[in-house]
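In this chain, residues are counted from 1 in sequence order.
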Amino acid sequence: MRALDLPWPLPRRTDVRDELLAAYGTGRGYHDLRHLTEVLARLAELGRGDDVEVVLAAWFHDAVYDGGTDLEERSALLARARLAGEDVDVDEVVRLVRLTADHRPASDDPRGHALVDADLAILAAPPERYDEYRRAVRTEYAQVPEPQFRAARRAVLQDLADRRRLFHTAHGHARWDAPARANLAREIVELSD
């Protein structure tokens, strides 16, 4: 899918879309246009492809990804600034973007469930795609020495693996949980060597 074919719910604000496409197109490693495309596709698979606030949150969730800190918070603030005055629930978009910091939505948050599941669906990718994802993440953190990267990455993956429920939607849990856990287990072992 070409970048301009991605679902964008604000036809009068293609300037914002183009700004976001430029941000995702900066050669970041993993958090790039491919990631955005995959998240939007998973949202459609989860039945949220027409939910304007969820789709906008997907577009903004990694808009700021510069190796700094508070990336999700800065992405949420960018969403607030760029969507001000639009006929959307900006507070809801901001709330959803912030959920992608820890991927722990409340139990009664179907929008949050869909967004975080779509964001984490890469964990359930076939092994060859998962390995591409791993390499791309390493590229994003090239400045981090290998021992520190391995320890930090292992801690993040172990936190995910230890969750009772990795995916919150029924579809995500049924379809993605087992392959995600297999990928996580494989990478954790490799990082422990």
Side-chain angles (χ1 to χ4, degrees), residues 1-7 17 19-46 54-76 78-79 96-104 114-161 163 166-168 172 175-177 179-192:
M1 180 177 288
R2 294 178 323 125
L4 293 179
D5 293 333
L6 295 175
R17 178 203 62 198
E19 178 183 345
L20 294 170
L21 288 173
Y24 282 99
T26 57
R28 298 171 168 180
Y30 173 63
H31 294 92
D32 61 4
L33 285 173
R34 185 176 187 183
H35 172 61
L36 175 62
T37 301
E38 289 174 341
V39 169
L40 291 167
R42 296 299 73 80
L43 282 178
E45 184 177 339
L46 293 169
V54 176
V55 170
L56 286 170
W59 275 86
F60 277 97
H61 84 285
D62 286 323
V64 176
Y65 214 91
D66 58 10
T69 59
D70 299 324
L71 300 172
E72 292 82 3
E73 180 61 23
R74 291 190 293 146
S75 293
L78 179 66
L96 290 166
V97 170
R98 287 177 173 146
L99 282 178
T100 64
D102 66 4
H103 299 92
R104 293 183 186 273
L115 181 62
V116 301
D117 279 12
D119 194 29
L120 291 179
I122 187 63
L123 300 177
E128 59 279 356
R129 173 63 183 120
Y130 185 83
D131 289 342
E132 289 175 5
Y133 149 72
R134 289 172 54 182
R135 287 189 297 274
V137 168
R138 184 62 182 116
T139 298
E140 286 184 348
Y141 292 94
Q143 75 283 4
V144 178
E146 187 67 17
Q148 290 173 308
F149 175 81
R150 290 171 70 88
R153 176 81 176 158
R154 187 172 52 245
V156 167
L157 298 180
Q158 193 63 59
D159 175 67
L160 291 166
R163 295 181 185 191
L166 188 53
F167 296 100
H168 302 276
R175 184 157 179 178
W176 301 329
D177 190 76
R181 290 188 184 281
N183 282 331
L184 290 172
R186 178 171 60 97
E187 187 176 359
I188 289 168
V189 166
E190 291 172 11
L191 289 167
S192 300

If I compare all heavy atoms of [X] with all of [Y], which pair ends up nearest, and what's the gap?
X      : Y      : result
Leu43  : Ala58  : CD1-CB, 3.6 Å
Arg181 : Leu160 : NH1-O, 4.2 Å
Ala124 : Pro179 : O-CB, 3.7 Å
Ile188 : Ala161 : CD1-CB, 4.1 Å
Ala63  : Ser75  : N-OG, 3.5 Å
His31  : Asp62  : CD2-OD2, 3.0 Å

**Asked** Hey, mind stepping through Thr100 and Phe60 against side chain to side chain contact (heavy atoms under 4.5 Å, CB included) and telling me if it holds?
**Response** CA-CA 10 Å; Thr100 64; Phe60 277 97; over 6 Å; no

**Message:** Please check: side-chain N/O of Asn183 versus main-chain N/O of Leu123, any donor-acceptor pairing under 3.5 Å?
**Reply:**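 Present.
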
**Prompt:** Do side-chain atoms of Arg28 reach the backbone of Ala23 as a donor and acceptor pair under 3.5 angstrom?
**Reply:**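 Yes, Arg28 side chain to Ala23 backbone: donor-acceptor pair under 3.5 Å.
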
Find the distance between [atom1] ([X]) and [atom2] ([Y]) and round it off to the nearest 0.5 Å.
X      : Y      : atom1 : atom2 : value
Leu6   : Thr37  : CG    : OG1   : 4.0 Å
Asp119 : Leu96  : CG    : CG    : 12.0 Å
Thr26  : Leu33  : OG1   : CG    : 8.5 Å
Arg154 : Glu190 : CZ    : CD    : 12.5 Å
Leu36  : Leu20  : CG    : CG    : 8.0 Å
Leu56  : Arg17  : CG    : CZ    : 12.5 Å

**Item:** Arg104 and Val116, any side-chain heavy atoms less than 4.5 Å apart
**Value:** no

**Message:** Just so I know, are the side chains of Leu166 and Leu184 near enough to count as touching, which here means a heavy-atom distance under 4.5 Å?
**Reply:**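 Of all side-chain heavy-atom pairs linking Leu184 with Leu166, at least one is under 4.5 Å.
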
**Message:** Show, in sequence, the C-alpha distance, side-chain angles and deciding distance for Arg42 and Ile122, and conclude whether the side chain to side chain contact (heavy atoms under 4.5 Å, CB included) test is met.
**Reply:** CA-CA 10 Å; Arg42 296 299 73 80; Ile122 187 63; over 6 Å; no

**Message:** Which residues pass the ring pair (Phe, Tyr, Trp, His ring centres under 6.0 Å) test with Tyr24, not counting sequence neighbours?
**Reply:** none

**Request:** Test Arg98 against every option in Glu73, His61, Glu72 by the side-chain hydrogen bond (donor to acceptor under 3.5 Å, both in side chains) rule and name the one that passes.
**Result:** Glu73

**Prompt:** Pick one: which of His35, Arg134, Glu140, Arg135 meets side-chain hydrogen bond (donor to acceptor under 3.5 Å, both in side chains) with Tyr30?
**Reply:** His35

**Message:** If the threshold is 4.0 Å, N to carboxylate O, is there a salt bridge linking Asp131 and Arg186?
**Reply:**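 Salt bridge present between Asp131 and Arg186.
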
**Request:** Could you point out which residue of Arg175, His168, His103 forms a side chain to side chain contact (heavy atoms under 4.5 Å, CB included) with Asp117?
**Result:** His168

**Request:** Evaluate side chain to side chain contact (heavy atoms under 4.5 Å, CB included) for Tyr141 paired with Arg153, printing each intermediate quantity in order.
**Result:** CA-CA 10 Å; Tyr141 292 94; Arg153 176 81 176 158; over 6 Å; no

**Request:** Show your reasoning for whether side chain to side chain contact (heavy atoms under 4.5 Å, CB included) applies to Trp59 and Leu40.
**Result:** CA-CA 8 Å; Trp59 275 86; Leu40 291 167; 3.7 Å; yes

